[in-house]
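See below for the structure under consideration.
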Amino acid sequence: MTQNVTLIDYGIGNFLNVVRALTAAGANVHVVDKASEAPSVSERMVLPGVGAFAGGMAEMKDRGLDDVVLDFVRTQRPFLGICVGMQMLFDASEEFGEHAGLGLIPGRVKAVSSTQLDGRPHCIPHIGWAGLEPHSGGANWEEGLLATTPIATPVYLVHSFHAQPTNERDILANVNYNGRRICAAVQSGHLMGTQFHPERSASAGLNMLRAFLAL
C-alpha cells in the first residue's frame, strides 16, 4: 500500500532528491513549505537538510514549520530526519555558536574532530562512503529503519558536525572515520534520523526508505 509522506521544505534542504528517492521507494509525497499547507492526515513525515543548523532552524520557525513537526511527532507516527534534519531533533548545536534545536531527542550537535585517533589531521568536512555498524547498548538494529539493512552496508555522508546523543540507547548505528566514532543513525521510538543521506546511498538507501514506509 502506498504511504502518504509529508516532506518539510524550509528553503535550504536537499528536498528534491529526497522527493525522488521517496517516490521511487513507493511513497506519495506531499511537500510542505509553510504551516498553512500541512495536511491533516499523513502516515509519515520526513525532514531533510543540508547547510547550517542555525539557518535551518531559523527558516523552520519563520515558516511555522517547527510547530508542524512538533504537532506531528506528538501523534507517535513515524518521523525521519536526514542530515541536518536529524541534527535538529536534538537539544542544541554548537555550529557557529549556540543554537537551540527541537529538543525531541536529548543530546547536542558538535564538530567532527579535526584529527584522526592518532592525532594526525584529516579532512573536514567528512565526505564519502562508510560502513554502518551497530552501537553496543544502542537501539535495536532489527527494528525500524535498518531492519532490512545488513551490518557494514556503506552509506554516503557529507558533514562537519555530528550528533552526540545523551542516551546510548538512542544510537542506532555508527560509522568510523579514521578511528573516530560518528553517530550515523538514531532511533527513539517513532523518531528516526540519519546523519548520512539515504537519497544518495544508492540501492541501500532506497531499501532503508522502503523500511521506513513499512513501519
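A donor-acceptor distance shorter than 3.5 angstrom exists from the side chain of T166 to the backbone of G107, with no hydrogens or angles considered. For the pair E43 (side chain) and N4 (backbone), a donor-acceptor distance under 3.5 Å is present. The closest donor-acceptor contact from the side chain of R77 to the backbone of S42 lies under 3.5 Å. Formation of a donor-acceptor pair under 3.5 Å by the D9 side chain with backbone atoms of V32 is not found in this model. Side-chain N or O atoms of N140 include one that pairs as donor or acceptor with a backbone N or O of E142 at under 3.5 Å. The backbone N or O of P48 lies less than 3.5 Å from a partner atom in the side chain of Y10, making a donor-acceptor pair. Here the side chain of D170 pairs no donor or acceptor atom with the backbone of P106 at under 3.5 angstrom.
Looking at every heavy atom in both residues, P78 comes nearest to F72 through O-CE2, 3.4 Å. The two residues L206 and A24 come nearest to each other via the heavy atoms CD2-CB, 4.2 Å. What you find for V175 and A184 is that their closest heavy atoms are CG1-CB, 3.8 Å. Across all their heavy atoms, W141 and T149 have their closest contact at NE1-O, 2.8 Å. The minimum heavy-atom distance linking G64 with A35 is given by the pair O-CB, 3.6 Å.
Taken together through direct or relayed side-chain contacts under 4.5 Å among Ile, Leu, Val, Met, Phe, Trp and Tyr, I171 and L157 form parts of separate hydrophobic clusters. Connection of L172 to I151 is established within a shared hydrophobic cluster, with ILVMFWY side chains joined at heavy-atom distances below 4.5 Å, either directly or through further cluster members. Tracing side-chain contacts under 4.5 Å through hydrophobic residues (I, L, V, M, F, W, Y), one reaches L70 starting from F90; they form part of the same cluster. L89 and M60 end up in the same hydrophobic cluster when Ile, Leu, Val, Met, Phe, Trp and Tyr side chains are linked at under 4.5 Å.
Side chains of N17 and R20: a donor-acceptor N/O pair is present below 3.5 angstrom, by distance only. Between the side chains of T115 and R180, at least one donor-acceptor pair of N or O atoms lies under 3.5 Å. With no hydrogens or angles considered, a side-chain donor-acceptor pair links Q195 and Q87 at under 3.5 Å.
Within the structure, the ring-ring contact (aromatic ring centres under 6.0 Å, His included) test picks out no pair touching residues 178-203 (sequence neighbours left out).
Remark: Y177 pairs with H122, H126 by the ring pair (Phe, Tyr, Trp, His ring centres under 6.0 Å) rule, at least two apart or across chains.
Within the hydrophobic cluster formed by Ile, Leu, Val, Met, Phe, Trp and Tyr side chains joined at under 4.5 Å, directly or through other members, W129 is accompanied by I127, Y156, V158.
Here the NE2 atom belonging to H135 is positioned 6.0 Å from the CG atom belonging to N174, to the nearest 0.5 angstrom. Rounding to the nearest 0.5 Å gives a distance of 11.5 Å between CE of M45 and CG of L191. Distance check: M208 CE to L145 CG gives 7.0 Å after rounding to the nearest 0.5 Å. Here M86 contributes atom CE and C183 contributes atom SG; the two are 4.5 Å apart, rounded to the nearest 0.5 Å.
Taking the charged nitrogens against the carboxylate oxygens, E94 and R108 do have a contact shorter than 4.0 Å, which makes a salt bridge.
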Pair L117-N178, side-chain contact (heavy atoms from CB on, under 4.5 Å): steps then yes or no: CA-CA 7 Å; L117 197 60; N178 294 326; over 6 Å; no

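When each of L209, I8, L80, V19 is paired with V46, the side chain to side chain contact (heavy atoms under 4.5 Å, CB included) condition holds for L80 and for no other.
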